[in-house]
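Heads up, the thing below is written out as structure tokens.
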Amino acid sequence: MEIILSITVGLLVAIGTWMLLDRGLLRVVLGIVVLGNGVNLAVFTAGRIDGRAAAFVTEAGAPALAANPLPQALVLTAIVIGFALFVFALAVLKRSWELHDHLETDRITAVAEEPAPDRPAAAPAPTPAAATARPAVRTCALAQPGAARAGNTDGGHA
């Protein structure tokens, strides 16, 4: 039985790691969940899974084949914490979708690396390869050089 659980742990950790390396944020979140389940199963397997008796100590002493309760308690705690992490990651994913309309890390990075609206954009020398390789992104009117706010007299600087 332990060999089957060990192979399952290896598969879950491998699949979770593979999903973490994806560019889509939804797969990254699901990869965290799958990796967490693999680690939980590894901790659970580390305790005795063939325990034929409950881990209660009586006046006669502890049973010889008692299951180890510590890995079970750790896994139960990790399941609760993993669920809270999953819900938080889904909330961050939803907010990212609302802000950027994309769930791919490359597109979000391209939008997030725009200059701040109150600073003039530095104009790097465009290269032909860089101009065609970069996806189109939405720009803010305040991010344009020379764009000044109404009532601001210092040339667009805050």
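- Once rounded to the nearest 0.5 Å, the distance linking CG of Leu35 with CH2 of Trp18 reads 14.0 Å.
- Distance NE2/His100 to CG/Leu25: 9.5 Å, rounded to 0.5 Å.
- Considering CG of Leu21 and CZ of Arg27, their distance stands at 12.0 Å, rounded to 0.5 Å.
- Considering only heavy atoms from C-beta on, Gln72 stays 4.5 Å or farther from Leu76 through its side chain.
- Side-chain atoms of Phe86 and Leu30, non-hydrogen and from C-beta on, do get closer than 4.5 Å to each other.
- Nearest heavy atom pair, residue Val34 against residue Gly16, reads CG1-N, 3.8 Å.
- When all heavy atoms are compared, the tightest approach of Leu20 to Val28 is CD2-O, 3.5 Å.
- Applying the 4.5 Å side-chain rule to ILVMFWY residues, one finds Ile4, Ile7, Leu11 in the same cluster as Ile3.
- Within the structure, side-chain hydrogen bond (donor to acceptor under 3.5 Å, both in side chains) contacts touching residues 75-89 (residues at least two apart or in different chains) do not occur.
- For the pairing with Val75, the side-chain contact (heavy atoms from CB on, under 4.5 Å) check across Asn40, Val39, Val80, Leu41 returns one residue only, Asn40.
- Partner Phe83 forms a side-chain contact (heavy atoms from CB on, under 4.5 Å) with one of Ile81, Val87, Ile79 and no other, that one being Val87.
- Taking CZ of Arg23 as the start and OG1 of Thr105 as the end, the distance is 6.5 Å to the nearest 0.5 Å.
- Atom-to-atom distance recorded for Thr45:OG1 and Leu5:CG is 4.5 Å, nearest 0.5 angstrom.
- Separation of atoms CD (Glu98) and CG (Leu93) is listed at 10.5 Å; rounding is to 0.5 Å.
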